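Worksheet: one structure, shown below.
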Amino acid sequence: SQKIEQNSEALNIQEGKTATLTCNYTNYSPAYLQWYRQDPGRGPVFLLLIRENEKEKRKERLKVTFDTTLKQSLFHITASQPADSATYLCALENQAGTALIFGKGTTLSVSS
Amino acid sequence: DTGVSQDPRHKITKRGQNVTFRCDPISEHNRLYWYRQTLGQGPEFLTYFQNEAQLEKSRLLSDRFSAERPKGSFSTLEIQRTEQGDSAMYLCASSQDQSFGELFFGEGSRLTVL
């Protein structure tokens, strides 16, 4: 069955370091992959979408890579700040193209 | 604010009661989605509408759940005979694209079933 796995439920890093979050998927051949940020008690907020023919995409301090051979996406936050502390979710369209499916998320804590 | 709005934000009910949640999407968006989220989990897909047509329903959506989107505008999600396992955050999202592009989420409706 189709599965999305995000590495470790929690990631703790120091301010200024680069945070790297992983999203692995199985039994998918997605045309694109999305990343969202979610703060406690709030709805997810879209960050980036990367297509299968794009190896890398950047937005300010964010960088996403998409390796369709490894079936993996990496999400990087450079020069991390305490304000980056949140849960980050990856999302893929399911094989049938009938729904957008989310991973469990990785909670990032950036300490000053 | 012209974002996605959901009402009510919080609902506490007793087991066996019916509850209804409303979602008003961004006005020019033709796709509307409902998700459910429990603590420590990602959003779980429930259903989505393209205009007024309900195009997909998850197996999570039991017979006690029904969603409507009359006239392709706002949507309602009704849960009949609530159970404690229905306690969750119910999230609504909308999008403009024909495929699953960027989703705009509301702040959610938190349901607590006692």
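Residue numbers start from 1 in every chain, and the chains themselves are labelled A, B, ... in the order their sequence lines are given, proteins ahead of strands. For clarity, every value in this text was computed on a predicted model and none was experimentally measured. What's counted below: heavy atoms across the whole structure, side chains too, no hydrogens, waters or symmetry copies.
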Count the heavy atoms of every other residue, nucleotide or ligand shown that sit under 6.0 Å from [atom1] of [X], and state whether that count exceeds 12.
X: B:L39; atom1: CG; result: no
X: B:I12; atom1: CD1; result: no
X: A:E54; atom1: CD; result: yes
X: A:K57; atom1: NZ; result: yes
X: A:E60; atom1: CD; result: no

(Q) Do A:P44 and B:L91 have side chains that approach each other closer than 4.5 Å (heavy atoms only, starting at C-beta)? (A) yes
Q) Are any of the side-chain heavy atoms of B:F105 and A:Y36 separated by less than 4.5 Å? A) yes
Q | Option that, when pairs with chain A are counted at under 4.5 Å, heavy atom only, ranks first among B:G42, B:G106, B:G108 | A | B:G42
Q | Worked verdict on A:N94 versus B:F45 for side-chain contact (heavy atoms from CB on, under 4.5 Å) | A | CA-CA 11 Å; A:N94 69 355; B:F45 173 80; over 6 Å; no
Q | Cluster overlap A:W35 with A:I77, hydrophobic side-chain contacts below 4.5 Å | A | yes
**Q.** Straight-line distance of B:Q37 CD to A:K104 NZ, nearest 0.5 Å
**A.** 12.0 Å
Q. When rounded to the nearest 0.5 angstrom, what distance separates CG in A:L89 from CD in B:Q41?
A. 11.0 Å
**Q.** Whether B:E56 side chain and A:T98 backbone form a donor-acceptor pair below 3.5 Å
**A.** no
Q: List the steps, then state whether ring pair (Phe, Tyr, Trp, His ring centres under 6.0 Å) holds for B:Y35 with A:F102.
A: CA-CA 10 Å; B:Y35 284 83; A:F102 284 81; 5.4 Å; yes
